[in-house]
Amino acid sequence: MEIDTDIRDTARWLGVGRLDPAVRDAMNSVPRHEFVPRWEQPHSYENRPLSIGQGQTISQPYIVAAMTQMLRPRPDMRVLEIGTGCGYQAAVLAQCVAEVWSIERIPELAEAAAARLKRLGYDNIHVKIADGALGWPEHAPYDGILVTAAAAKIPGILVDQLAPGGRMVIPVGVGRYEQVLTLVTKNAEGIATEDRGLPVAFVPLITDIA
Ligand code: SAH
């Protein structure tokens, strides 16, 4: 698979040299063509980002795989995603962990994603329409938080909602070409540390929260 080569080439940024079999199985089994608009369907299995409408994009499969892997998913984990988009990343996560909560600010995208995920039989993904920078306190803390839009800075509320031992993966940076994928880890004592890694280009996280 092409993404294996990309993962190997960027291992020094990602901190992982090869895909976990569970992540690989998820990448192989989630039908990407079901998540993109009709005009993008012929390109569903190309390793590049695609349009999902509303000016938003779905990441290239390699980035989805890498971000999922950086969370070190386990079958008992509870994960929060910010930026549901079309629901593809949520579906990949849902194959690897116990429960996924996903927040999207654009109602049309959230509603379409929720309906699509239900139709495809994912019953462990919960979608809500809100500003994801506020997190989803009712179900916190999370073992993993995955942010799929670029934040100017790491939202403190999300760090607060991370469980001890938890991991958050978030693109940080203002300009589209000045973002780095950042890993936040919280130790057993609740102290969070940051590791900055792979250069990425995500749509912005739009929030009123400073
Ligand atoms: N994970 C998605 C990719 C989404 S693109 C997928 O697999 O399709 C990023 C998404 O983040 C967009 O849909 C955008 O509307 C959403 N977004 C941006 N700012 C947000 C915020 N503050 N809260 C929730 N969603 C946000």
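In each ligand, atom 1 is the first atom listed, and ligand 1 is the first ligand listed. Just so you know, these numbers use all the heavy atoms, side chains as well, and skip hydrogens, waters and symmetry mates.
Figure legend: Lys128 and Trp101 shown without cation-pi pairing, the cationic atom not lying both under 6.0 angstrom from the six-membered ring centre and within 45 degrees of its axis.
Nearest protein heavy-atom contact of atom 12 (C) of ligand 1 is Gln56 OE1, 3.2 Å. Among all protein heavy atoms, the one lying closest to atom 23 (N) of ligand 1 is Gly132 N, 2.8 Å. The nearest protein atom to atom 7 (O) of ligand 1, hydrogens excluded, is given as Gln89 N, 3.0 Å; this is a heavy-atom distance. When hydrogens are left out, the protein atom nearest atom 11 (O) of ligand 1 is Gly83 CA, 3.2 Å; that is the closest non-hydrogen contact. Nearest to atom 19 (N) of ligand 1 among the protein's heavy atoms is Ile206 N, 2.9 Å. The single protein non-hydrogen atom nearest to atom 5 (S) of ligand 1 is Thr57 O, 3.0 Å, given as residue, atom name and distance.
The heavy atom nearest to atom 21 (C) of ligand 1, out of those in Leu205, Val36, Thr148, is found in Leu205. Remark: among candidates Glu108, Arg105, Glu104, the nearest residue to atom 13 (O) of ligand 1 is Glu104, based on non-hydrogen atoms.
An N or O contact shorter than 3.5 Å is missing between Val203 and ligand 1 by distance. For ligand 1, the polar-atom distance check against Glu81 finds a nitrogen or oxygen pair separated by under 3.5 Å.
Only the backbone of Thr84 comes within 4.0 Å of ligand 1, counting heavy atoms alone; no side-chain atom from C-beta on gets that close. Residue Pro204 touches ligand 1 through its backbone alone, judged by heavy-atom distances below 4.0 Å. With a heavy-atom cut-off of 4.0 Å, Ala130 touches ligand 1 through its backbone alone.
Sparse packing is recorded around CZ of Arg72, with 12 or fewer heavy atoms of other residues, nucleotides or ligands lying under 6.0 Å away. Within 6.0 Å of atom CZ in Arg119, more than 12 heavy atoms from other residues, nucleotides or ligands are found, so the atom counts as buried in its surroundings. In Arg18, the CZ atom is not crowded: 12 or fewer heavy atoms of neighbouring residues, nucleotides or ligands sit closer than 6.0 Å.
Hydrophobic clustering of Ile, Leu, Val, Met, Phe, Trp and Tyr side chains at less than 4.5 Å, counting indirect connections, keeps Leu93 apart from Val184. Using a 4.5 Å cut-off between side-chain heavy atoms of Ile, Leu, Val, Met, Phe, Trp and Tyr, with links allowed through other members, Ile52 and Tyr62 fall into the same hydrophobic cluster. Hydrophobic clustering (ILVMFWY, side-chain heavy atoms < 4.5 Å, transitive): Phe202 and Leu198 are in one cluster.
Counting only N and O atoms by type, the side chains of Ser29 and Gln95 include a donor and acceptor under 3.5 Å apart. A side-chain donor from one of Ser102 and Glu81 sits under 3.5 Å from a side-chain acceptor of the other.
Under a 4.0 Å heavy-atom criterion, Gln54 is not in contact with ligand 1.
Between Ser44 and Val36, the shortest heavy-atom contact is OG-CG2, 3.7 Å.
The contact set between ligand 1 and Leu109, taken as ligand atoms under 4.0 Å from a residue heavy atom, comprises 13 (O). Close contacts between ligand 1 and Tyr88 involve ligand atoms 7 (O) [criterion: under 4.0 Å to a heavy atom]. The atoms of ligand 1 that sit less than 4.0 Å from any heavy atom of Ile106 are 15 (O).
Atoms CD and CZ, on Glu99 and Arg78 in that order, are 7.5 Å from each other to the nearest 0.5 Å.
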